[in-house]
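See structure below.
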Amino acid sequence: MKTTILIAAIFFSGLSFAQQTKKDTVKTKSIEGVTLTKQVFKKQSDRFVYDVAASPIAKGNTTFDILKQTPLLSTTDDKTLKIAGKNNALIYINGRKSNMDAESLVQFLKNTPAENIQKIEVITVPGSEYQVESSDGIINIILKKKMSDGTSGNMRMSNTQSKYNASNASFSVNYRKDKLGINANLSGGENINPQAYVLRNRSENVQNESVGNIDDPNKNLGGYLNIDYQLNDKSNLALSWNTWANKSYNSTIDLMNTITKYDTNGNILSTAYTKTKNKEDARSYNNSVNLNYEVKLDSLGSKLNVNAAYLNYKRFQYTNNNTLIQDAAGNFTQNSSKIIQDLPQVINNFSGTVDYIQKFKNDFTFSAGGNYNKTKTDNDTKNYAYPYDLSGNQLASQNDFNHFVYNENIYGLYVTFEKKFSDKFSGKIGARYEITNSLGTADSWKNNVETNQQIERNYNNLLPYLSFNYAINDKNNISYSFSSRMRRPSFWELNPVKNLITEDNYTQNNPFVKASSTYNQELTYMYKNSYFLILNHTYEKDQITQVPLQRSYIDPKTNQKRVQLAYIRTNFGDKQEMSAMLGIQKSLFKQYLTLNFNAGVQYNINNGTLDTDPTTGQVFDTYVNNRKSASMVITSNNTIRLDKKKTWFLGVSFFYVDKQQIELGMLKNLASLDLSIKKNWNDWTFAVNLNDVLRTNVVEIEDLQASGNYNYIKNDMYKRSINVSITYNFGNQKVKKVRNIESASDEIKNRTR
């Protein structure tokens, strides 16, 4: 269920240094490359470059397969990619950010043959010209330039068996005729996302434990259409449309709750039981359109690029939350409370970008540009609470309505200067200046009492950037980068809605959340383009996260003491992350073995304190997280070629993440062993993947406060699975790909729910 996934997601945001095979949590994995006569993996001024065309394992793989095996990249959920030491990885294609939503992008990557890729660039510290937030990194996929006219495409079907069965299918086509290029995709599928939870917390002498399952069925359908027309030899006009729809009906939460009271010696005084049975129906729609004009100014590569975009996002969520108590026969048939929630969200965004790049003959490049985003978010929340007396009789409803409208305007300007001083030394310097004006209005009605509130935030930020690269000689290379970024809250985080999990367990969003600031430094040393050392330091001020607050209280209905746990979205102090990673990428035994291995350490410094919900004013026991932790990370991703003809491949991947302190407490170690086998046969590719073979990728978090308050979470998302896929490529495989256009609304899309 989407509500609870918000809690699970925060676990992985702390794994910024090492996340890998099987998901979304994109928060390292891999190292990949081969030492041929041509360099496969090398460091350039502000990025790592992986030459896929020179790799022996590209044939028959998908783009997503290759990305998982690219140095510094990883995935823990087979959907979301991570860059070592970064919170998030943004996908660019041919230097332009993909304007697909997350689900469509995954399908695109999993259905694009790796043979279409020339190289992959990993930009760990993006320059001022990139519209990225926080410590995000960029994965830039450079497609091969194929000039033939004609039609090409592929079809893919896959089936995954975990706790439940899931199926997906997609169809992609490319058409090129003279000056016109068309690229389209249609994909869909259905699955049930299962989770098993243990939630246990204790305050004073009362403990609350909730154990049970969450099942979230999903049906998805979406795609994209890109039309690119060459006006003349110097200019192009392109129109892109992306759409995605999700239907998630009958998502359920089924938890058994146990309330235990202890005396001062720790002996059990009493035990009471309730049951939580929640049902949710939700659907969402994401549509965006982007118009792009690009003109080449000279033969050196100077150009002007203009984008205008519109984004419409809608989500409708209806939940029925029930707390049941035992009847005289001991069965959970009698209601204790019922809360019905109607939680819609509508986002409309208009965006524009202008980028000017001037190249000079002396290896000097000047770039300047700007962007504008105007966003309106409408959240009309309705809560209907139906209390029951001890006999099971329904009492008068208590209504709580909140209409929250959020308007935001962002203006941005940037300049960068890049210079190659010699074959050995190059550098880049730049800055962004951003102006943010926002106004949130909340009109609330609680028990027919109206209140009105306005939250206005206006701030300006100057964000400098600096990098240099020095090739000491043919074997040794060193580089340094510094950047500063803002991390704005997502629009859902700003919506002051309470998502109920159990009667005493909920998440609370916060319209008062302000943007956080991130400062990132990175020092890299490479030897022979096969061995590397990366030192990274990130400082985040006013970090945005969920904070677990709890308190004991007297239930007015039973006059008994209970304990409440709330996950509050807010700014929670400052955080530092320092990491050091050693990596090796090698091809051995005449390219029969492609070895990818890295190991490193990460040191976290947390510093935050909270005791009050900023949205409701409710006072809790003080939660303090001023702890430090050091953790080890080991990742390996290896491919074994099983025959001379390069048609059979065996994949063996493994990651281990040591325990570490995150915002919610101490995250225990995680590990996963993944195996795969692939067969290439003419235009067909058959693959079988076994994920989390040892079933060790289960989240556990534990926290004990000095006050004695205790909190424990265990979240099993059933990552062990088997996936079977069939891919067929058809048509003229030399068809030139349509230009992939960066939409003006891409930055806003990242902040939708």
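Just so you know, these numbers use all the heavy atoms, side chains as well, and skip hydrogens, waters and symmetry mates. We number each residue from 1, following the sequence as shown.
A donor-acceptor contact shorter than 3.5 Å links the side chain of R485 to the backbone of P126. Using modelled atom types, one side-chain atom of S438 and one backbone atom of R457 make a donor-acceptor pair closer than 3.5 Å. With Q543 contributing its side chain and F572 its backbone, the two residues share a donor-acceptor pair below 3.5 Å. Side chain of S240 to backbone of N226: no donor-acceptor contact under 3.5 angstrom is found. Side chain of N185 to backbone of S170: no donor-acceptor contact under 3.5 angstrom is found. Not a single donor-acceptor pair under 3.5 Å links the side chain of N236 to the backbone N or O of E294. N571 places a side-chain N or O within donor-acceptor distance of the main-chain N or O of D542, the cut-off being under 3.5 Å. Judged by distance alone, with hydrogens and angles left aside, the side-chain atoms of N287 form no donor-acceptor pair with the main-chain N or O of N312 at under 3.5 Å.
Using a 4.5 Å heavy-atom cutoff, the side chains of V497 and N379 are not in contact. Within the 4.5 Å cutoff, the side chain of V547 has no heavy atoms near those of the E663 side chain. With contacts defined as side-chain heavy-atom distances shorter than 4.5 Å, the pair N348/Y310 qualifies. Proximity of Y372 to N409: side-chain heavy atoms (C-beta onward) are separated by under 4.5 Å at one or more points. In this structure, L311 and S351 have side chains that are not in contact, with every pair of non-hydrogen atoms separated by 4.5 Å or more. With a 4.5 Å cut-off on side-chain heavy atoms, T365 and S367 count as touching. For the pair L237 and L291, the minimum side-chain heavy-atom distance is below 4.5 Å. With a 4.5 Å cut-off on side-chain heavy atoms, L225 and I182 count as touching.
A donor-acceptor pair shorter than 3.5 Å cannot be found between the side chains of N371 and Y414. Inspection of the N402 and D400 side chains reveals no N or O donor paired with an N or O acceptor under 3.5 Å. Between the side chains of E456 and N458, at least one donor N or O sits under 3.5 Å from an acceptor N or O. T377 and N495 are not linked by any side-chain donor-acceptor pair at a separation below 3.5 angstrom, with hydrogens and angles left out of the test. For the residue pair N246/N218, the side-chain donor-acceptor check at 3.5 Å is satisfied. Of the N and O atoms on the side chains of N536 and T538, at least one donor lies less than 3.5 Å from an acceptor on the other residue. Side-chain N/O atoms of E408 and N373 include no donor and acceptor closer than 3.5 Å. For the residue pair E493 and N509, no side-chain donor N or O sits within less than 3.5 Å of a side-chain acceptor on the partner. Judged purely by distance below 3.5 Å, without hydrogens or angles, the side chains of Q317 and E280 pair a donor atom with an acceptor atom. Side-chain atoms of Q508 and Y506 include no donor-acceptor pair closer than 3.5 Å. No side-chain N or O of T441 forms a donor-acceptor pair with one of Q454 less than 3.5 Å apart.
Distance check: L439 CG to Y406 OH gives 9.0 Å after rounding to the nearest 0.5 Å. Note that CD1 of I227 is 13.5 Å distant from CG of N292, once rounded to the nearest 0.5 Å. Distance check, rounded to the nearest 0.5 Å: CZ of R432 to CG of L462 gives 11.5 Å. In this structure, NZ on K296 lies 10.0 Å from CG on N232, to the nearest 0.5 angstrom. Interatomic distance, L343 CG to T319 OG1, rounded to the nearest 0.5 Å: 5.5 Å. To the nearest 0.5 Å, atom CD1 of residue I139 and atom CG of residue L90 are 8.5 Å apart.
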| task | Could you walk me through whether N278 and I501 pass side chain to side chain contact (heavy atoms under 4.5 Å, CB included), step by step? | result | CA-CA 8 Å; N278 298 345; I501 304 169; 5.6 Å; no
| query | Between L664 and Y567, is a side chain to side chain contact (heavy atoms under 4.5 Å, CB included) present by the stated rule, with each step listed? | reply | CA-CA 9 Å; L664 295 178; Y567 298 91; 4.2 Å; yes
| request: Kindly indicate, with the supporting measurements, whether the criterion side chain to side chain contact (heavy atoms under 4.5 Å, CB included) is fulfilled by N242 and N286. | output: CA-CA 8 Å; N242 292 268; N286 192 327; over 6 Å; no
| said: The test is side chain to side chain contact (heavy atoms under 4.5 Å, CB included); show your working for R569 and T507 and say whether it passes. | reply: CA-CA 8 Å; R569 182 73 63 179; T507 66; over 6 Å; no
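Considering every non-hydrogen atom in both F512 and P614, the closest pair reads CE1-O, 3.5 Å. Here the shortest heavy-atom pairing between W244 and S187 reads CZ3-OG, 3.5 Å. Y459 and A515 get closest at one heavy-atom pair: OH-CB, 3.4 Å. Scanning all heavy atoms of the two residues, the minimum distance from T124 to F48 falls at CG2-CE1, 4.1 Å. The two atoms that bring L500 and Q341 nearest to each other are N-OE1, 3.8 Å, heavy atoms only. Here the closest heavy-atom approach between residue K541 and residue S516 is recorded as O-CB, 3.2 Å.
Classification of the Y519-Y539 ring pair by plane angle, with boundaries at 30° and 60°, yields parallel.
Sparse packing is recorded around OH of Y318, with 12 or fewer heavy atoms of other residues, nucleotides or ligands lying under 6.0 Å away. Around the NZ atom of K446, the shell of radius 6.0 Å holds no more than 12 heavy atoms that belong to other residues, nucleotides or ligands.
For F417 and Y465, the ring centers sit 6.0 Å or farther from each other.
Taking the ring axis of Y249 as reference, the NZ or CZ atom of K247 stays within 45° of it and closer than 6.0 Å to the ring centre.
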